[in-house]
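First comes the structure, then the notes that go with it.
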Amino acid sequence: MRYFEAQVDIDAPTDQVWAELVDAGSWPSWDSGVDAVDGQVAPGEKITIRSAAAPGRAFPVRVTTFDAPGKLVFTGGMPLGLFRGVRTYTVDQAAGGTRFTMREEYSGPLTGLIWKSMPDLGPSFRQFAEGLKRRVEHDTAAR
C-alpha cells in the first residue's frame, strides 16, 4: 500500500476544526492548492475536487464516512478496484486543542503503475493541514 500523510496540531476545539473541514466549498480560500470543490460534504454524497497538483483534472470522490467531529473519509478510483484512493481526515482531541491528520492510501492492481506517474502529494498535504490550522486559529483568535 502506498500513501501520503500530513499532521498538524491546531490550537482550537475539535468542533471548530470539523466545521471548517466539512465546509469544502471554502477550501480554496485558505488553501491555494485547492482550485475548487463541487458538491456538499455529507454522508454518501459525491463531490469533485480540483487541485493545483493536477491542473485540468477533476477527482470525483464519495463521502464514505462522516463521523462528526472525528473522522471523514473520501473514496475514489477506477472501476473494478483497479486503482483505489481512500483519503481519511481525522480530528482528534489533543492537549490544548486538536490534532488533525490527513492520509491518503492507494491500493489495487494498477497502483504501482499509477504511483510512478503521480506527483509527490506530500507538500500539498502539508499545505492543506497548515492552511486549515491558520484558518481555524485565525477564526478562533478573532472571536
Side-chain angles (χ1 to χ4, degrees), residues 1-43 45-78 81-143:
M1 182 162 308
R2 315 262 181 162
Y3 68 92
F4 292 102
E5 183 175 84
Q7 187 175 79
V8 69
D9 289 332
I10 301 174
D11 187 21
T14 57
D15 60 334
Q16 288 178 341
V17 175
W18 181 263
E20 284 297 335
L21 179 63
V22 299
D23 182 13
S26 75
W27 291 1
S29 71
W30 50 263
D31 180 4
S32 62
V34 176
D35 294 334
V37 180
D38 300 320
Q40 180 181 351
V41 177
E45 292 295 316
K46 183 178 174 185
I47 65 171
T48 302
I49 302 170
R50 290 176 178 78
S51 75
R57 294 195 53 204
F59 298 94
V61 295
R62 185 158 309 277
V63 179
T64 53
T65 301
F66 188 97
D67 185 13
K71 186 175 184 179
L72 177 65
V73 179
F74 297 162
T75 303
M78 298 174 74
L82 294 173
F83 177 75
R84 181 178 166 166
V86 178
R87 181 172 294 182
T88 303
Y89 302 92
T90 55
V91 178
D92 294 316
Q93 190 168 4
T98 300
R99 173 155 294 156
F100 171 75
T101 306
M102 175 180 174
R103 178 181 174 101
E104 187 162 287
E105 298 179 349
Y106 307 97
S107 61
L110 295 181
T111 300
L113 181 65
I114 292 172
W115 182 263
K116 291 176 185 176
S117 68
M118 287 178 67
D120 178 5
L121 297 179
S124 67
F125 275 43
R126 287 187 296 278
Q127 179 178 319
F128 184 93
E130 290 296 330
L132 178 61
K133 175 183 174 74
R134 281 190 306 276
R135 174 66 168 233
V136 173
E137 288 180 352
H138 177 267
D139 286 355
T140 300
R143 290 181 187 170

Donor-acceptor contacts under 3.5 Å from residues 115-124 side chains, at least two apart:
from, atom 1, to, atom 2, distance (Å)
Ser117, OG, Ile114, O, 2.9
Asp120, OD1, Gly122, N, 2.9
Ser124, OG, Leu121, O, 2.9

Under the side-chain hydrogen bond (donor to acceptor under 3.5 Å, both in side chains) rule, collect the residues that match up with [X], sequence neighbours excluded.
| X | result |
| --- | --- |
| Asp23 | Ser26 |
| Arg99 | Asp9 |
| Asp67 | none |
| Arg50 | Asp38 |

#### Entry: Check against side chain to side chain contact (heavy atoms under 4.5 Å, CB included), Val63 and Phe74
CA-CA 5 Å; Val63 179; Phe74 297 162; 3.7 Å; yes

### Query
Does any pair with a residue in residues 46-70 pass ring-ring contact (aromatic ring centres under 6.0 Å, His included), and if so which ones, sequence neighbours excluded?
Trp18-Phe66

### Query
Under 4.5 Å between any side-chain heavy atoms of Phe100 and Leu21, yes or no?
yes

### Query
Given side chains that start at C-beta, do those of Leu132 and Val8 come closer than 4.5 Å, heavy atoms only?
no

Of all the heavy-atom pairs spanning [X] and [Y], show the shortest one and how long it is.
| X | Y | value |
| --- | --- | --- |
| Ala6 | Ala129 | CB-CB, 4.3 Å |
| Glu137 | Asp11 | OE2-N, 2.7 Å |
| Asp35 | Pro28 | O-CG, 3.7 Å |

### Distance (rounded to the nearest 0.5 Å) between Thr101 OG1 and Gln7 CD
3.5 Å

### Task
Could you list the residues that satisfy ring pair (Phe, Tyr, Trp, His ring centres under 6.0 Å) with Tyr3, not counting sequence neighbours?
none

### Message
Tell me every residue that passes ring pair (Phe, Tyr, Trp, His ring centres under 6.0 Å) with Phe128, counting only those two or more places apart in sequence or in another chain.
### Response
Trp27, Trp30, Tyr89

### Message
Glu5: which residues meet the salt bridge (charged side-chain N to carboxylate O under 4.0 Å, His left out) condition with it, sequence neighbours left out?
### Response
Arg103

### Query
Just wondering, are more than 12 heavy atoms of other shown residues or ligands nearer than 6.0 Å to CD in Gln93?
no

### Message
Taking side-chain contact (heavy atoms from CB on, under 4.5 Å) as the definition, give me every residue that meets it alongside Ala95, ordered by chain and number, with sequence neighbours left out.
### Response
none

### Query
What pairs of residues pass the salt bridge (charged side-chain N to carboxylate O under 4.0 Å, His left out) test when at least one of them lies in residues 84-93, not counting sequence neighbours?
Arg87-Glu104

### Query
Does any pair with a residue in residues 12-22 pass salt bridge (charged side-chain N to carboxylate O under 4.0 Å, His left out), and if so which ones, sequence neighbours excluded?
Glu20-Arg135

### Message
So does Ala12 get a backbone contact from the side chain of Thr98, meaning a donor-acceptor N/O pair under 3.5 Å?
### Response
yes

